[in-house]
Every structure is written in C-alpha cells, then in structure tokens.
S.K.: 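Take a look at the following structure, please.
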Amino acid sequence: MKLGEHFHWPLGVLPQISTAGRFGHDDKAFETNYVSHTHALHIYTYPAAFRLGDRSFAIRPGDLTITPAGVESRYDLPRPGFHWCAHFVPVHQDRRHFDPAKHARLPYHFPLGSLSEHAGQRIMSIARLFANSADPVARAGASAAMLELLLWLAMQSRTAGRSPASPAGAGAIERSAALMQERLASPLSIADLADEVGLTQNYLARLFRQRFGMTMPHFLLTCRMNHAKHLLQHTTSPIATIAQRVGMPDAQHFNKQFRRLVGVSPSAYRLAEA
C-alpha cells in the first residue's frame, strides 16, 4: 500500500485505545504480515528492519513508529526483543473534506534519540491506565494521555533534524515560557529573562523559536492578548484597566496590538462575545 507523507490525527479527538502494554517480538525475515483495523504506536527496545506499506525503515532502540489502520507491516529482528505499543481506534473521516490545518501531522518513523525516555514514560503511563480500563475514569485518562502523546510527538517532529537542546537548555526554555505567563502584568525584558534562566539571549531566543515555533516577544504578546480576551469576555473591567492587567499600560498601543492579533478592536471583541 502506498503511504502519504504523514500520519494525521484530528485535533481534539480522543483516541479510543484497544490495547496498550509491553510485548515480546521475534519476527524473522519479514515472514509475518500484520494488518490491523486500529492504528498502532510502537516504541522499540531492539534493532530491526521494518516495512510499512511501500516504505522501509531501519529501527534502532528508542525509535518510535506509527502504523496506520489497514496498512501492511512486517519485521525482521536480528534477535528477539520487547516493545511498548498502544493500539487505538481510527476516526472515520470524509477525506473529501480533509482539512490539514485541523490535524496533527506525525511521521511514520521517529528516531526519538534523547526524547525516547520521556516518550517511554508516557506510553508506560497509558498502559498502566489502560490496565484498569474497566474503570471509566481510568479509560478516559488513557485516552487523554494518548492524545497528549500524539500532540507532543507532532510538536517534536517540527524540530526533528535540528540540533536538540541540552537537558539544561530544554529546562530553560520551559522556565522562560512559564515566567512570561506568570508575569504578564509586569514589564518584561528578554535579556533579563535570559539572565534569569542562565542562557545568553541569542541562544535562548533560538532554542525558544525551535520549541514553540515563534519568537519570545510574539509568544509574550500572544499570552497577553489571550488573557485580555478572557477579561473582555468575563469581566466588566474598562478596557484601559484590562490593558494594565496584561502589562500594556499604554491603552492606544494595547488597542493597536489587540487589533493586529485578533483582527478587531477590544470593544468590538467584547460586543461580539457578549
């Protein structure tokens, strides 16, 4: 079967998991052909040659693959091993109305590298929840965790092939994003944030853009405008007061930036959302 360029999952749709856990594998010479009515996500602890539809991949320990429902897959393992996997029910969609902007885009084969331990912890958590799937709360938790894993992979795949951040650098990126969200009402300097998280401004800016797909100033402005929209919808505070509360005391500048990002003035947004 010929595959498209990527596997797509509709944003916001919870996967319905049919099985999840750690399983043994000993296939040789591509003798066994697998075709499932479910999608399957695997994280491997062994090397293998892998055929998926019309494509072939060299699997290394720590790699992840996604096999779409209805697509043939075969393996050749030099020796038996174990993998983590989760099978989840596909959402039947009318491909004539497929909108890629409403879907997460994932690779079929993802060499996770330094991310493999984190991904492994996620799928182990899914398996633990699924083991108690008779409990509807645990079953819902497994579905939510699976969706989070798929979306996390989609975000990570955007930076695949680039120089990965060190663990310290990755922590600094997350810390700088948290600081911006915590201090929306305060004047913020990117240089001061870089000093606080222990990176140079240029290095932090580069890593941040790789991680979030936008510059730090744009991220900060987006957070401020999102909070402003919330306050416009759910409070009766004057617009000038809202501007102050999101760290933009110049009301004229606030109005200009709000219109630029949201497309309408703050007063028009409040009226439309009333």
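What you see is a predicted model, and the numbers here were worked out from it, not measured in a lab.
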S.K.: Going by salt bridge (Lys or Arg N to Asp or Glu O under 4.0 Å), name the residues that satisfy it together with Arg51, two or more places apart in sequence or in a different chain.
M.R.: none
S.K.: Can you name the nearest heavy-atom pair linking Ala86 to Phe88, along with the distance?
M.R.: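 Taking Ala86 first and Phe88 second, the nearest heavy atoms are O-CD2, 3.8 Å.
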S.K.: So, for Gly4 and Arg55, which heavy atoms are closest and what is the spacing to 0.1 Å?
M.R.: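 Nearest pair, atom of Gly4 first, then Arg55: O-NH2, 2.8 Å.
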S.K.: Report the residues that fulfil side chain to side chain contact (heavy atoms under 4.5 Å, CB included) with Arg79, sequence neighbours left out, ordered by chain and then residue number.
M.R.: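 Once residues adjacent in sequence are excluded, the partners of Arg79 under the side chain to side chain contact (heavy atoms under 4.5 Å, CB included) criterion are Pro47.
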S.K.: When His25 is tested against each of Phe82, Tyr75, Tyr44 for ring pair (Phe, Tyr, Trp, His ring centres under 6.0 Å), which residue passes?
M.R.: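 It is Tyr75, the one option of Phe82, Tyr75, Tyr44 that forms the ring pair (Phe, Tyr, Trp, His ring centres under 6.0 Å) with His25.
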S.K.: Could you walk me through whether Leu204 and Met216 satisfy the side chain to side chain contact (heavy atoms under 4.5 Å, CB included) test, starting with their C-alpha distance in whole Å, then the side-chain angles of each, then the deciding distance to 0.1 Å, before giving a yes or no?
M.R.: CA-CA 9 Å; Leu204 176 62; Met216 293 179 72; 3.7 Å; yes
S.K.: Who pairs with His37 by ring pair (Phe, Tyr, Trp, His ring centres under 6.0 Å), at least two apart in sequence or on another chain?
M.R.: none
S.K.: If a pair satisfies salt bridge (Lys or Arg N to Asp or Glu O under 4.0 Å) and one of its residues is in residues 263-274, list it, with sequence neighbours excluded.
M.R.: none
S.K.: Do Phe254 and Arg224 touch side chain to side chain, with heavy atoms closer than 4.5 Å?
M.R.: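 They are not in side-chain contact.
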S.K.: Could you report the tightest heavy-atom contact between Pro78 and Ala48, atom names first, then the distance?
M.R.: CD-CA, 4.3 Å
S.K.: Where do Arg175 and Val197 come nearest, in terms of heavy atoms and distance?
M.R.: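 Looking at all heavy atoms of both residues, the closest pair is CG-CG1, 3.7 Å.
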S.K.: Identify all side-chain donor-acceptor contacts of residues 138-149 below 3.5 Å with residues at least two apart in sequence or on another chain.
M.R.:
{"residue": "Arg139", "atom": "NH1", "partner": "Ser133", "partner atom": "O", "Å": "2.6"}
{"residue": "Ser143", "atom": "OG", "partner": "Pro15", "partner atom": "O", "Å": "2.8"}
{"residue": "Ser143", "atom": "OG", "partner": "Arg139", "partner atom": "O", "Å": "3.4"}

S.K.: Leu150 and side chain to side chain contact (heavy atoms under 4.5 Å, CB included): which partner among Val13, Leu41, Leu11?
M.R.: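 Of the listed residues Val13, Leu41, Leu11, the side chain to side chain contact (heavy atoms under 4.5 Å, CB included) partner of Leu150 is Leu41.
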S.K.: Between the side chain of His39 and the main-chain N/O of Ala69, is any donor-acceptor distance below 3.5 Å?
M.R.: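 Confirmed, His39 side chain pairs with Ala69 backbone.
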S.K.: Excluding sequence neighbours, so at least two apart, what forms ring pair (Phe, Tyr, Trp, His ring centres under 6.0 Å) with Phe57?
M.R.: His109
S.K.: Do the side chains of Ile66 and Val35 join up, straight or via other hydrophobic residues, at under 4.5 Å, putting them in one cluster?
M.R.: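 No, no single cluster joins them.
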S.K.: Would a single hydrophobic cluster contain both Phe23 and Phe50, if residues Ile, Leu, Val, Met, Phe, Trp and Tyr are joined by side-chain heavy-atom contacts under 4.5 Å?
M.R.: no
S.K.: Using every non-hydrogen atom in the two residues, find where His87 and Ser36 come nearest and quote the distance to one decimal.
M.R.: ND1-OG, 4.0 Å
S.K.: Locate the shortest heavy-atom distance separating Pro68 from Leu3; write the atom from each residue and the value.
M.R.: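 What the structure gives for the nearest pair is CG-CD2, 4.5 Å.
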S.K.: Do the non-hydrogen side-chain atoms of Thr65 and Phe110 ever get within less than 4.5 Å of each other?
M.R.: no
S.K.: What pairs with His83 under side chain to side chain donor-acceptor pair (under 3.5 Å), at least two apart in sequence or on another chain?
M.R.: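 His83: side chain to side chain donor-acceptor pair (under 3.5 Å) contacts with Tyr46.
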S.K.: Between side-chain atoms of residues 176-187 and protein atoms elsewhere (two or more places apart, or another chain), which donor-acceptor pairs fall under 3.5 Å?
M.R.:
{"residue": "Ser176", "atom": "OG", "partner": "Ala172", "partner atom": "O", "Å": "3.2"}
{"residue": "Ser176", "atom": "OG", "partner": "Ile173", "partner atom": "O", "Å": "2.7"}
{"residue": "Arg183", "atom": "NH1", "partner": "Glu196", "partner atom": "OE1", "Å": "3.0"}
{"residue": "Arg183", "atom": "NH2", "partner": "Glu196", "partner atom": "OE2", "Å": "2.9"}

S.K.: Please list every donor-acceptor pair under 3.5 Å in which a side-chain atom of residues 118-130 meets a protein atom from a residue at least two apart or in another chain.
M.R.:
{"residue": "His118", "atom": "NE2", "partner": "Arg122", "partner atom": "NE", "Å": "2.9"}
{"residue": "His118", "atom": "NE2", "partner": "Arg122", "partner atom": "NH2", "Å": "3.4"}

S.K.: Who are the salt bridge (Lys or Arg N to Asp or Glu O under 4.0 Å) partners of Glu117, not counting sequence neighbours?
M.R.: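 For Glu117 there are no salt bridge (Lys or Arg N to Asp or Glu O under 4.0 Å) partners, ignoring immediate neighbours.
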S.K.: In terms of side-chain heavy atoms, does Tyr108 have a donor or acceptor partner in Thr67 at a distance below 3.5 Å?
M.R.: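 No, no side-chain donor-acceptor contact under 3.5 Å.
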S.K.: Is Lys28 reaching over with its side chain to a backbone N or O of Leu77, donor-acceptor style, under 3.5 angstrom?
M.R.: yes
S.K.: Any donor and acceptor pair, going by atom type alone, linking the side chain of Asp26 with main-chain N or O of Pro80 inside 3.5 Å?
M.R.: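 No.
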S.K.: According to side chain to side chain contact (heavy atoms under 4.5 Å, CB included), who are the partners of Val262, at least two apart in sequence or on a separate chain?
M.R.: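 Result, side chain to side chain contact (heavy atoms under 4.5 Å, CB included) vs Val262: Lys229, Phe258, Val264, Tyr269.
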S.K.: Side-chain polar contacts of residues 236-252 - donor-acceptor pairs under 3.5 angstrom, sequence neighbours left out - could you list them?
M.R.:
{"residue": "Asp250", "atom": "OD1", "partner": "Gln252", "partner atom": "N", "Å": "3.0"}
{"residue": "Asp250", "atom": "OD1", "partner": "His253", "partner atom": "N", "Å": "3.2"}

